[in-house]
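For the single chain, residues carry numbers from 1 onward in sequence order.
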Amino acid sequence: MTVQTVSTNKSYGGVQGVYRHASQATGTDMVFSVYVPPHAEGAKLPVVWYLSGLTCTHANVTEKGEFRKACAELGLIFVAPDTSPRGADVPGDANNAYDFGLGAGFYVDATQEPFARNYRMWSYVTDELPKLVAENFPVDAKRQSVMGHSMGGHGALTVALRNPHRYRAASAFAPIVAPSLVPWGIKALTGYLGPNKDAWRSHDTVALIEDGAKFSGFLVDVGEADNFLKEQLRPELLEAACAKASIPLTLRRQAGYDHSYYFISTFMGDHLHWHAEKLKG
């Protein structure tokens with residue numbers, strides 16, 4: 001698979017790159033970013049996957065996430081995909097809403113028209129892009145972890161629960177933990193997967209845990225001043241599900257913080273140090 005370099009910049013001794021390729025999964029060109037820290041020639045490095053939230057592209061965390069200093073110190077590759085397919089021929093929400101369609105792929109493979117052809121973000125982030133990154137960057141495929149924000153937090157937790165032997169760690173900022181029960185998720189899952197709620201369970205963190213999925217443990221931060229906390233995020237449901245299933249969960253409620261990248265960047269270093277510890281050896 002051919003990768004086109006859009007830009008590269010030196011940062012903390014490493015290289016922050018932005019890249020484009022033609023995706024077979026989505027049928028479109030896709031753009032993603034990769035930070036490669038300074039490293040010895042021939043070394044293979046652990047990789048942290050970061051899944052972004054509603055309305056975002058790769059650029060939001062790349063420009064505002066403040067992850068490079070920690071990644072350089074810890075020797076972590078940091079990969080940030082886009083959140084949906086893009087292009088003039090890609091269907092979007094007819095009402096131009098921010099929470100469905102372009103920028104809101106929800107990390108599922110759509111089965112409903114007109115989205116089924118392009119909105120295959122599950123296959124893209126769990127299969128196609130990892131293979132592409134492994135072919136073009138010094139990645140240690142046996143040392144991978146995943147994290148995300150909001151919609152991307154939902155993606156990170158479900159990806160980890162469905163692939164527990166691939167990812168050594170999973171964390172999230174303000175994740176949508178029970179999309180089957182909240183407005184953002186109900187709209188997206190109905191639109192992409194149809195009205196049969198049984199089909200939604202494999203893309204719902206709480207439902208996956210209820211159905212027996214296991215993981216080694218999660219780190220989750222939520223802001224107590226987040227406007228979406230009570231209606232859309234529902235962290236108490238994750239807390240209850242993990243407790244019942246004996247899945248270790250560190251849930252931190254951060255006073256005064258909201259849903260923005262001011263919140264994410266504040267605690268990004270904590271998360272990356274936590275991931276680095278899990279990715280050792």
Side-chain angles (χ1 to χ4, degrees), residues 1 23-26 30 32 34 44-53 76-84 105-111 119-135 137 139-173 175-180 185 188-189 192-193 198-220 238 241-242 245-250 271-272 274-281:
M1 292 181 280
S23 168
Q24 294 182 359
T26 68
M30 295 292 287
F32 63 99
V34 180
K44 295 291 187 179
L45 306 177
V47 57
V48 177
W49 296 87
Y50 180 92
L51 305 183
S52 295
L76 301 174
I77 291 176
F78 191 96
V79 183
D82 202 346
T83 54
S84 80
F106 257 81
Y107 304 102
V108 304
D109 283 350
T111 59
Y119 284 77
R120 299 184 56 79
M121 292 303 296
W122 180 267
S123 292
Y124 181 69
V125 300
T126 64
D127 183 34
E128 183 178 31
L129 188 58
K131 290 178 180 176
L132 184 72
V133 169
E135 291 171 0
F137 300 91
V139 167
D140 182 347
K142 294 182 179 180
R143 291 191 291 162
Q144 299 189 63
S145 67
V146 62
M147 63 191 302
H149 169 231
S150 193
M151 177 184 73
H154 138 78
L157 298 181
T158 56
V159 162
L161 284 165
R162 289 176 58 180
N163 299 275
H165 302 298
R166 182 190 299 185
Y167 302 99
R168 294 195 187 182
S171 72
F173 300 102
I176 306 168
V177 302
S180 299
L189 297 178
Y192 294 134
L193 303 179
D198 288 340
W200 301 2
R201 296 189 69 82
S202 62
H203 290 287
D204 182 307
T205 297
V206 169
L208 280 165
I209 294 171
E210 290 174 348
D211 291 345
K214 296 288 187 180
F215 197 71
S216 57
F218 301 119
L219 170 63
V220 173
L238 177 64
C242 285
S246 298
I247 295 175
L249 169 67
T250 300
H271 281 241
L272 290 173
W274 185 81
H275 281 259
E277 188 64 29
K278 305 286 186 182
L279 291 167
K280 284 183 177 178

With sequence neighbours left out, what residues match [X] under side chain to side chain contact (heavy atoms under 4.5 Å, CB included)?
X	answer
Ala178	Leu181, Asp204, Val206, Leu237
Thr126	Trp122, Val159, Arg166
Ala141	Gln144
Ala169	Ser145, Trp274, His275, Lys278

Between [X] and [Y], what is the shortest heavy-atom contact and its length?
X	Y	value
Gly153	Ala172	CA-CB, 3.9 Å
Phe32	Val133	CE1-CG2, 4.2 Å
His154	Thr205	O-OG1, 4.1 Å
Tyr107	Asp82	OH-O, 4.2 Å

Please list, chain by chain and in numerical order, all residues satisfying side chain to side chain donor-acceptor pair (under 3.5 Å) with [X], sequence neighbours excluded.
X	answer
Tyr124	His21
Asn163	none
Lys44	none

Distance from [X] atom [atom1] to [Y] atom [atom2], nearest 0.5 Å?
X	Y	atom1	atom2	answer
Leu272	Leu76	CG	CG	6.0 Å
Ser52	Met151	OG	CE	7.5 Å
Leu157	Leu249	CG	CG	9.0 Å
Asp198	Leu193	CG	CG	12.0 Å
Leu45	Leu279	CG	CG	11.0 Å

Identify whether the distance between the nearest side-chain nitrogen and carboxylate oxygen of Glu128 and Lys131 falls below 4.0 Å.
no
Going by ring pair (Phe, Tyr, Trp, His ring centres under 6.0 Å), name the residues that satisfy it together with [X], two or more places apart in sequence or in a different chain.
X	value
Phe173	Phe263, His271
His149	His259, Tyr261
Tyr119	Phe115, Tyr192

Ignoring hydrogens and angles, tell me if any N or O in the side chain of Asp109 forms a donor-acceptor pair with the backbone of Ser123 under 3.5 Å.
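Yes: the side chain of Asp109 pairs with the backbone of Ser123.
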Side chain of Arg168, backbone of Lys280: donor and acceptor closer than 3.5 Å?
yes
Against Phe218, only a single residue in Cys242, Ser171, Pro175 fulfils side-chain contact (heavy atoms from CB on, under 4.5 Å); can you say which?
Cys242
Just to verify, what does Arg143 make a salt bridge (charged side-chain N to carboxylate O under 4.0 Å, His left out) with, not counting sequence neighbours?
Asp140
Could you tell me which residues satisfy salt bridge (charged side-chain N to carboxylate O under 4.0 Å, His left out) with Lys214, sequence neighbours excluded, listed by chain and number?
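Lys214: no salt bridge (charged side-chain N to carboxylate O under 4.0 Å, His left out) contacts found.
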Note, Ser202 side chain near Arg162 side chain (heavy atom, < 4.5 Å):
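Touching, per the 4.5 Å side-chain cut-off.
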